[in-house]
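Notes to accompany the following structure.
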Amino acid sequence: MANTSTPASVEVLDGDLDAPDKVLRPHALDIRGLWTGYGRQQALKDITFQVDAGEVLGIIGPNGSGKTTLLKTILGLVRPWQGSLSVLGMPAEEQRRVMGYMPQVEQVDWDFPVTVGDVALMGRYARRGPLRRTNKEDREAASRALQQTGMYGQRDNLIGELSGGQRRRALLARALANQPQLLLMDEPMAGLDANAQHQLLDLLDDLRAGGTTIVLSTHDLSCVSAYCSYAACLNKNLIAYGPPSQVLNEEVLSQTFGSHLLMVHLDGQAYAYQHHSHDDGPEDP
Amino acid sequence: MNLLILGLFIATLNKITSRYLARVPKTLTLTCLPAAVLLLAGCSGAQAASVARDENRDAILVAATIPVLADLARNVGGSLVEVSSAVPPGVDAHSYQTTPSNSVTISRAALTISNGSGLDDFLLPIFQSARPGGAVHVVASDGLESQFPASEPVISLGADPHFWQNPIFAIHYVEQIRDGLIQADPGNAARYEKQAQRYIASLRQLDENIAGLLDQVPPNRRILVTHHQAFSHLAARYGWQTMALAPGDAGSVTPESILQVSQKIKDAGLSSVFVEPRFRSSALDQVARDARAKVSAIYAGLGGEATTYVEMMQFNARSLADNLR
Amino acid sequence: MLDTVIEPLEFAFMQRALLAAGLAGLVCAVVGIFVVLKGMAFMGDAVAHSSLAGMSVAYFFGGNVFWGALAWAVPASLAITLISRRANLRLDTAIGIIFASGFAVGIILMSRVSNYTADLFGLLFGNLLGVSWSDVILISVIAGVVLLIVTALYKELLFTSYDSTMSAASGIPVRLVEYLLPVLVGVTTVASLKAVGIVLVLALLVTPAATATLLARRLPGIIAYSITVALAATVAGLYLSFYAGLPSGPSIVVVATGFFLLALLFSPSKGVLWRGRRERLAAVEETVG
């Protein structure tokens, strides 16, 4: 296990856990003793961490380390074997309506005959429930989400006609249309050029300023150290958790990524890249 | 009444679909509307379309399910009737798909004739659907089925609906048709009686001719082997045995039936098996080849050389006599 | 001209045939869109074929084969989904099992029950000209129920078809929808059996919807085109059948296929003819530029 920074040492409300009356605000995300997997195949082992509202958590880990599984478990798509998940003080399964999810682009059928506007509006479907049609409020929320992501001009385009970056933004617009308090993003940076990455990160900054809690999975360590207030190093179990400056050191990273790693030292900080990383080089912390 | 139901129905349909297509209701309503108008227009004229008598020829229209019934009706009705058959001659009734022109013909008939006993049940919905209210319907085999208690294990005579293969039963058909014609066209009752009487006499003559031909076959070879069991009444009438590869009619040839039939051909030293020319049976071909027997023609219904009932029966008797003698 | 249009409608059997086929076409057109988008075509075919077993049982007891088919289709649809989920088999494998087994049971039963193949042919190819008013009512009730369900759950069906993971994440009862859609497909095929029979029902389910995807870009447009094509093919097919003396069910299918081929050739966005021209234009631009 990690020794530099255990979850407890960065726990803001440490010590108050057994006395809820002292807690001013519930954690945006509170995971305790989570074990899960598919069938008999274990994917996550004893995960415990908390994220406060308005923070950005970056989950890093190699392929197959359980990043997507963790996100899907929070969303209720994968059932936990053991442990508890709560979102804004309520069990996660009751809080789906306040969560937004942006899946990996590869998981979406891009040939489906829907427009960008339709996709954004889908973000509102769960709110309306069966038998009810989407109303003006929903359409306005979808339009706002499209404007936020810069996709409003393409709202009448079929999703199949979009470029890679636009597809990501369309998916993000769908997640935002529901005005989520907890936004979960699976590999949002993958395949984006530097310019598009900056646009996306600016948008995330705005959301965060508005009080949205963001959890994203990524391969990109520089992104985590530059933008995230928390980093979780995952490889089946939680190797380290805390502010990036404390967590992203050589020992943790080599434990997380094993040998598939290229270490770079800059200003006393360690940066690690996986072999297949698309990055040009490290950025200033 | 029809009109009202239809109108309501289309209105509801429109409502449902236009609600479903909230964003393109115009297009949809536009597509539904012409159909609705057409249907409503049709309803108003619906009741007018029952013509029982062909005005030009002064003949009543008779619609039969299969050609053999049509031929019998033609012989009873003569020039007083205009007869048609839903299934054309020489076409496999089993897989025949009716067309609207069949239904149009039926809708103008004063008399409709079916065989019954399961043979043409599949055409009954078509007939029921198209038949005008006042038309008379005759089931030609009515009264025959009950003569045969279902006793035989493989195929009972009562289960073979091709009763006309026995000329005596064909006479029963003719009497049924005659009664139907009289009911549909009472004014000409006497002429129907007379024509039926004359035709029945010729059928009795046919019966004697067949018996004479079949007697030429030595008694131990009086076995008719076919693909499906359509000749049990022919066989029963003249003291023959029959054997079919497929006892029923649903094409269910079983390994057991192939064995039994092959054995029979060898044991009796049969020189021929019989099959309807249009409905070749590859299974029977194979059985015959293995037993060194030939495959000869026989007709269960009209088609090919069998253009009338009488011709068919004579052809069959000659074929049996010539090929098994 | 007008006489040509009116004459067939003077016959009650043609009115019933038009209504029955039109209703079947309408509900197939709508449900067929999801079938085409989700690649479920053989699901519909399998349910239709396996329904022969239910129809044979109903036939045996002298009941309406319609109810037999329906009583078989619903569990068969559920079984396909259940087998593929529980046994971890691919969906087409589960479909193959249900397809063949139901059909085999049906043929065995029919060969025991009926001594006439014609009855089997009636079930296989439909009996549109023999439709009764009570059949029309039955078809309209089924069509109405299916369309109501699709209307009520339009959002859910759309979202789940497009992205079932995401719709599950946003709290849509995906499991329910994933079991419901095959049942809707099954019930729809049963409603269409009277019109076109077991063998051709797939065409009614797939062809109008496929034609529509060539003509429209977005789902609402696709639905409108699918319905239009289905109704037009029904009416035109029946008129063709009336005037050319052709069997009715197959005529409808042939006309629908004709529409599909026209769309394939002339569709503005996906038409084969325009594509050739577009490519030539692009090539010219490239050489010039």
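Chain letters run A, B, ... following the sequence lines, proteins first, then strands; residues in each count from 1.
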Chi angles and distances behind the side-chain contact (heavy atoms from CB on, under 4.5 Å) call for C:N127, B:F122 | CA-CA 9 Å; C:N127 209 349; B:F122 72 104; 5.7 Å; no
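- Contact between C:R16 and B:A130 at its shortest, heavy atoms only, is NH2-N, 4.4 Å.
- Of all non-hydrogen atoms in B:P100 and C:F13, the two that sit nearest each other are O-CZ, 3.7 Å.
- Atom OH of C:Y225 is surrounded by 12 or fewer heavy atoms from other residues, nucleotides or ligands within 6.0 Å.
- C:P250 touches chain B through its side chain: at least one heavy atom from C-beta onward sits under 4.5 Å away, while N, CA, C and O do not.
- Interatomic distance, OG of B:S103 versus CZ of C:F11, reported as 9.5 Å (0.5 Å rounding).
- Nearest approach of C:G126 to B:Q97, heavy atoms of both residues: O-NE2, 3.9 Å.
- If you measure heavy-atom distances from C:S248 to chain B, the contacts under 4.5 Å come from both the backbone and the side chain.
- To the nearest 0.5 Å, atoms CG (C:L128) and OG1 (B:T99) are separated by 12.0 Å.
- At a 4.5 Å heavy-atom cutoff, the contact between C:L129 and chain B is made by backbone and side-chain atoms alike.
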